[in-house]
Participant: 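After the C-alpha cells below, expect a handful of questions from me.
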Amino acid sequence: MARSVALSTVFVFASLTCAILRVECQPKVNPLVVQQELLWESKQYTYRIPVIAQTPGSALIAIAEGRKYNSGDTGSKVVEIRRSTDLGSVWSPAVTLLTDGQFKLGVNLGSVIVDNVTGVIFLWFEHCLESQHYCERSAPYLMNSTDDGLTWNKPRNMTGVVGGATKFVTGPGLGIQKKLPPYKGRLITCGHGDHLSDGVFCVVSDDSGTTWRMAGSVKSIPFGRKKVDGDFNPNESQLVELPDGSLMVNMRNQLHYHCRCRVVMRSRDGGETFPLDDLYMDDTLVDSGVHASMLYHRGVLFFANPASSTKREDFKLRWSLNNGTTWPGLKTLWTESAGYSCMTVHDSVDGAFLLILYEKGRSSEYQWIEMMKLSIYGDL
Ligand SMILES: *[C@@H]1O[C@H](CO)[C@@H](O)[C@H](O)[C@H]1NC(C)=O
Ligand SMILES: *[C@@H]1O[C@H](CO)[C@@H](O)[C@H](O)[C@H]1NC(C)=O
Ligand SMILES: *[C@@H]1O[C@H](CO)[C@@H](O)[C@H](O)[C@H]1NC(C)=O
Ligand SMILES: *[C@@H]1O[C@H](CO)[C@@H](O)[C@H](O)[C@H]1NC(C)=O
Ligand SMILES: *[C@@H]1O[C@H](CO)[C@@H](O)[C@H](O)[C@H]1NC(C)=O
C-alpha cells in the first residue's frame with residue numbers, strides 16, 4: 001500500500017513535470033503479471049464467453065456461460081457470475097444469473113455496460129428462438145443491477161429496439177459509457193447478427209438505459225446474402241472511446257477479408273455513423289477469426305487475443321501509444337490454447353491494474369476461464 005501511494009505520487013509528479021515542460025510523457029507501460037486465478041473450470045459444463053467489468057462501487061464482476069450438454073454456441077446454458085470486492089484476490093462462489101432450463105435453444109452473452117453516472121449495471125444477452133445449424137433467430141434481452149451486481153432485475157425483451165432483425169448479439173465484452181462529447185454520458189454497445197442486422201450494428205441510450213435505439217453500423221458485403229471465404233463479414237466486436245471522444249470498434253474478421261487480421265472502424269459522432277473512409281484492416285493484429293479484447297486507458301490502447309493467423313493459441317497483450325497506429329508493446333501471456341477475452345482497468349491509489357478474463361487451456365482453449373491481473377507500470 002505504501003509503495004502504491006508512492007507510485008501514484010510519482011505518477012502525479014511526472015504528469016506535472018510533463019505539463020510544465022509542455023512535453024508528452026507518461027510512466028512507461030511495463031505490464032507485470034501480479035495474479036492469476038482460475039475462475040471457472042470446464043468439467044460437467046463447458047465454460048465460455050468471459051466478461052469482466054468494474055462496478056460503480058469498484059467491485060469486479062466476472063460473468064461466463066456454462067454450456068450444459070456440449071460446447072456448441074447454441075444449446076442449454078447457465079450464465080454464472082462471481083464478484084470480488086478486493087480487486088480480484090478473493091472471489092465469491094459462482095451464482096447462477098440466468099438459466100434456460102432444459103431448452104435446446106439457449107441464451108448467449110452478451111455485453112455489460114456500467115453507467116457510472118447513475119450507478120446502474122446493464123447486461124445485454126440473447127435468447128435463441130430457432131436453430132437449424134446455429135442460432136438463426138433470437139431475441140435480445142437487457143437486464144440491470146442497481147446494487148453493484150449483487151442482484152439483478154427481470155430481463156426486458158428488446159426485440160422492438162433492433163428493428164425486426166432476426167438476430168442481434170452484442171459484444172461479447174464491454175459496452176461503454178461515453179466520457180467525452182459528443183454525446184457525453186451515452187451508453188453504447190455494438191453487436192452482430194444476420195439478415196437485417198448483417199454486419200456490426202450499435203445500439204445507444206441517451207436516457208440512462210430507459211430507451212434504446214439502433215445507431216450506426218458497418219454492413220457486410222454482400223449484404224444479407226450467403227457469404228464465401230474472403231467476403232467482408234465483420235462479427236464479434238469490442239469498442240473503446242479515444243481521447244478525442246471518437247469511438248473505435250475492433251472486430252472479428254470472420255471470413256478473412258483482406259487478411260487474417262482485425263477490422264477496425266471509427267465513429268466521430270458518438271456511434272451514429274462509421275464512415276468507410278475510416279475503416280481499415282490492422283495487419284499487425286494477426287487473428288484467426290476469434291473474439292478479442294481492447295481497452296483505452298490514460299493514453300494507452302491495449303489489445304489482447306490469441307495472436308495466431310490459424311489457431312486459437314499464443315495469447316498476447318499489445319499496447320499502442322498512438323491510438324492503434326503502431327503497436328510497439330508486446331507481452332506473451334500464455335503460449336498454449338486460448339480464446340475469447342475481456343478486459344477492464346482499475347486505477348486508484350492502490351495502483352493501476354489491467355484485469356483480463358480469458359479462455360485458456362492446454363488440450364483445448366475451453367478448459368478454464370482465468371483472471372489475470374497485471375500491474376500496468378510494472379510496480380506494485
Ligand atoms: C467511475 O467514476 C469514478 C469516479 O469518477 C472513477 O474513479 C471510475 O474510474 C469510473 N469508472 C468507470 C468504469 O468509468
Ligand atoms: C431495470 O430493470 C427493471 C426490470 O426490467 C426495470 O423496471 C427498470 O426500469 C430498469 N432500470 C433501468 C435503469 O433501466
Ligand atoms: C419478444 O418480443 C418480440 C416482439 O415484441 C415478440 O415477437 C417475442 O415473442 C417476444 N419474446 C418472448 C419470449 O416473449
Ligand atoms: C459470427 O461468429 C459467431 C460466433 O462464432 C458464429 O456463430 C456466426 O456464424 C458468425 N456470424 C456470421 C454472420 O458469420
Ligand atoms: C490520438 O488521438 C488523439 C485524439 O484524436 C489525438 O489528439 C492524438 O494526437 C492521437 N495520438 C497520436 C499519436 O496519433
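Just follow the structure's listing: the first ligand is 1, and inside any ligand the first atom is 1.
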Participant: Check this for me, if you would: do Asp198 and Lys227 make a salt bridge, where the nitrogen-to-carboxylate-oxygen distance has to be below 4.0 angstrom?
Facilitator: yes
Participant: With heavy-atom distances below 4.5 Å as the criterion, would you say the side chains of Val162 and Met214 are in contact?
Facilitator: yes
Participant: Could you tell me whether Glu80 and Lys68 have a side-chain N and a carboxylate O separated by less than 4.0 Å?
Facilitator: no
Participant: Show your reasoning for whether salt bridge (charged side-chain N to carboxylate O under 4.0 Å, His left out) applies to Arg362 and Glu336.
Facilitator: CA-CA 6 Å; Arg362 292 190 189 277; Glu336 295 176 55; 2.9 Å; yes
Participant: Is the charged tip of Lys178 near the ring of Tyr183: under 6.0 Å from the six-membered ring centre and within 45° of its axis?
Facilitator: no
Participant: Going by heavy-atom distance to atom 8 (C) of ligand 4, choose the closest among Val290, Asp73, Asn235.
Facilitator: Asn235
Participant: May I ask you to list the atoms of ligand 4 that are less than 4.0 angstrom from any heavy atom of His192?
Facilitator: 1 (C)
Participant: Do me a favour and list the nearest non-hydrogen protein atom to atom 6 (C) of ligand 2 with residue, atom name and distance?
Facilitator: Asn144 ND2, 4.2 Å
Participant: Given that the side chain starts at C-beta and the backbone is N, CA, C, O, which of these parts of Asn233 lies under 4.0 Å from ligand 4, counting heavy atoms, or is it both or neither?
Facilitator: side chain
Participant: Using a strict cut-off of 4.0 Å, indicate which atoms of ligand 2 neighbour a heavy atom of Lys154.
Facilitator: 4 (C), 5 (O)
Participant: Is there a donor-acceptor contact under 3.5 Å linking the side chains of Tyr47 and Glu41?
Facilitator: no
Participant: Is any NZ, NE, NH1 or NH2 atom of the basic residue among Arg318 and Asp282 found under 4.0 Å from an Asp or Glu carboxylate oxygen of the other?
Facilitator: no
Participant: Right, does atom 11 (N) of ligand 2 have protein non-hydrogen atoms nearer than 4.0 Å?
Facilitator: yes
Participant: Return yes when Arg252 approaches ligand 4 closer than 4.0 angstrom through a heavy atom, no otherwise.
Facilitator: yes
Participant: What atoms of ligand 2 come within less than 4.0 Å of a heavy atom belonging to Gly209?
Facilitator: 14 (O)
Participant: Ignoring angles and geometry beyond distance, decide whether Thr210 reaches within less than 3.5 Å of ligand 2 through its nitrogen or oxygen atoms.
Facilitator: no
